[in-house]
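Notes follow the structure.
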Amino acid sequence: MQTEQDSNLSASESQAPSVKQSEAPAQETKVKENPGQRLKSLRDAPEATNGTDESTHKVEVKITFPDACVRIRRLLKNPSDYDVLEAYALFKQATEGDNETPIPNELDFVGLAKWDAWKNKRGLSSEEAQACYIDLVRRLESNN
């Protein structure tokens, strides 16, 4: 006695295309490499160094002066007063050159400190001041 499910099953089997043994895809006999083994072999392989030890060199992203000006405002921690004065002096030296402004009033302690910090950068070229400013920003970012 054949049930309705059996008749449906036999009908669907008759509609399905028959696959011949010769049409079946050949099974690969190639052994797949374990990714962990590959990583281990890469670590153990000697590296070509071209005469330099590249493992000690860090990849540094080139920062431009305008980028550094933006990045210093995004620091997570506030820099010390000394670092703020140093950044101010380097920025002024890089953008305006030597300090030729008159000395501020003796009672303007902040203005006097800023004037003095900038005056101490006298003779530093704009390019050197920009490079020092960028180095300062990198140092402050690494301390954050």
Side-chain angles (χ1 to χ4, degrees), residues 4-6 8-144:
E4 189 176 316
Q5 284 181 336
D6 290 336
N8 287 341
L9 182 61
S10 62
S12 66
E13 285 176 353
S14 64
Q15 292 174 353
S18 62
V19 178
K20 295 180 183 176
Q21 185 93 7
S22 61
E23 292 179 14
Q27 290 184 352
E28 292 183 28
T29 56
K30 184 179 178 183
V31 178
K32 292 187 177 179
E33 187 177 280
N34 182 356
Q37 290 174 338
R38 172 123 172 93
L39 289 175
K40 183 178 179 186
S41 66
L42 288 175
R43 274 182 271 157
D44 296 337
E47 295 180 17
T49 58
N50 296 331
T52 62
D53 186 9
E54 294 181 22
S55 62
T56 60
H57 298 293
K58 291 183 180 180
V59 176
E60 290 189 21
V61 177
K62 192 76 169 168
I63 301 175
T64 63
F65 183 68
D67 292 337
C69 294
V70 170
R71 290 170 81 157
I72 199 165
R73 292 185 190 120
R74 294 182 181 163
L75 293 174
L76 299 177
K77 292 191 302 186
N78 288 333
S80 68
D81 291 340
Y82 173 79
D83 289 333
V84 170
L85 276 175
E86 185 72 11
Y88 171 82
L90 290 169
F91 179 84
K92 293 292 272 187
Q93 188 68 24
T95 57
E96 297 183 25
D98 289 339
N99 185 355
E100 301 297 333
T101 61
I103 191 166
N105 186 342
E106 293 175 2
L107 297 177
D108 182 7
F109 300 114
V110 173
L112 195 57
K114 290 165 70 174
W115 184 88
D116 192 42
W118 183 15
K119 192 74 169 177
N120 287 335
K121 301 299 178 195
R122 180 185 260 322
L124 197 63
S125 74
S126 177
E127 292 79 22
E128 291 171 328
Q130 288 180 13
C132 291
Y133 187 86
I134 291 168
D135 290 342
L136 175 67
V137 171
R138 278 196 183 121
R139 183 175 57 83
L140 292 174
E141 286 179 334
S142 69
N143 291 340
N144 262 326

Do Y133 and C69 touch side chain to side chain, with heavy atoms closer than 4.5 Å?
-> yes
Rounded to the nearest 0.5 angstrom, the CG-NZ distance for N99 and K119 is 5.0 Å
K114 meets the salt bridge (charged side-chain N to carboxylate O under 4.0 Å, His left out) criterion, sequence neighbours left out, with none
dist L107:CG -> L112:CG (nearest 0.5 Å) comes out at 10.0 Å
State which residues pass side chain to side chain contact (heavy atoms under 4.5 Å, CB included) with K121; sequence neighbours excluded, sorted by chain then number.
-> E86, A89, L90, Q93, L124
Which residues satisfy the salt bridge (charged side-chain N to carboxylate O under 4.0 Å, His left out) test with E128, sequence neighbours excluded?
-> none
Are any side-chain N or O atoms of N120 and backbone N or O atoms of D116, one a donor and one an acceptor, separated by less than 3.5 Å?
-> yes
Closest non-hydrogen atom pair between D83 and L136, with its separation | O-CD2, 3.9 Å
CG (D67) and OG1 (T64) are apart, to the nearest 0.5 Å, by 3.0 Å
Electrostatic pair D135:R138 at N-O distance under 4.0 angstrom | yes
Look only at the side chain of W115 and the backbone of T101, and say whether a donor-acceptor pair between them is shorter than 3.5 Å.
-> yes
Quick check: are there more than 12 heavy atoms from other residues, nucleotides or ligands sitting under 6.0 Å from CG of N78?
-> no
Near D81 CG, under 6.0 Å, is it more than 12 heavy atoms from other residues, nucleotides or ligands?
-> no
What are the two closest non-hydrogen atoms of I72 and L75, and how far apart are they?
-> O-CG, 3.3 Å
With the side chain counted from C-beta on, respond yes when V137 and I63 share a heavy-atom pair under 4.5 Å apart, and no when they do not.
-> no
Close side-chain approach of W118 to F91, heavy-atom, < 4.5 Å | no
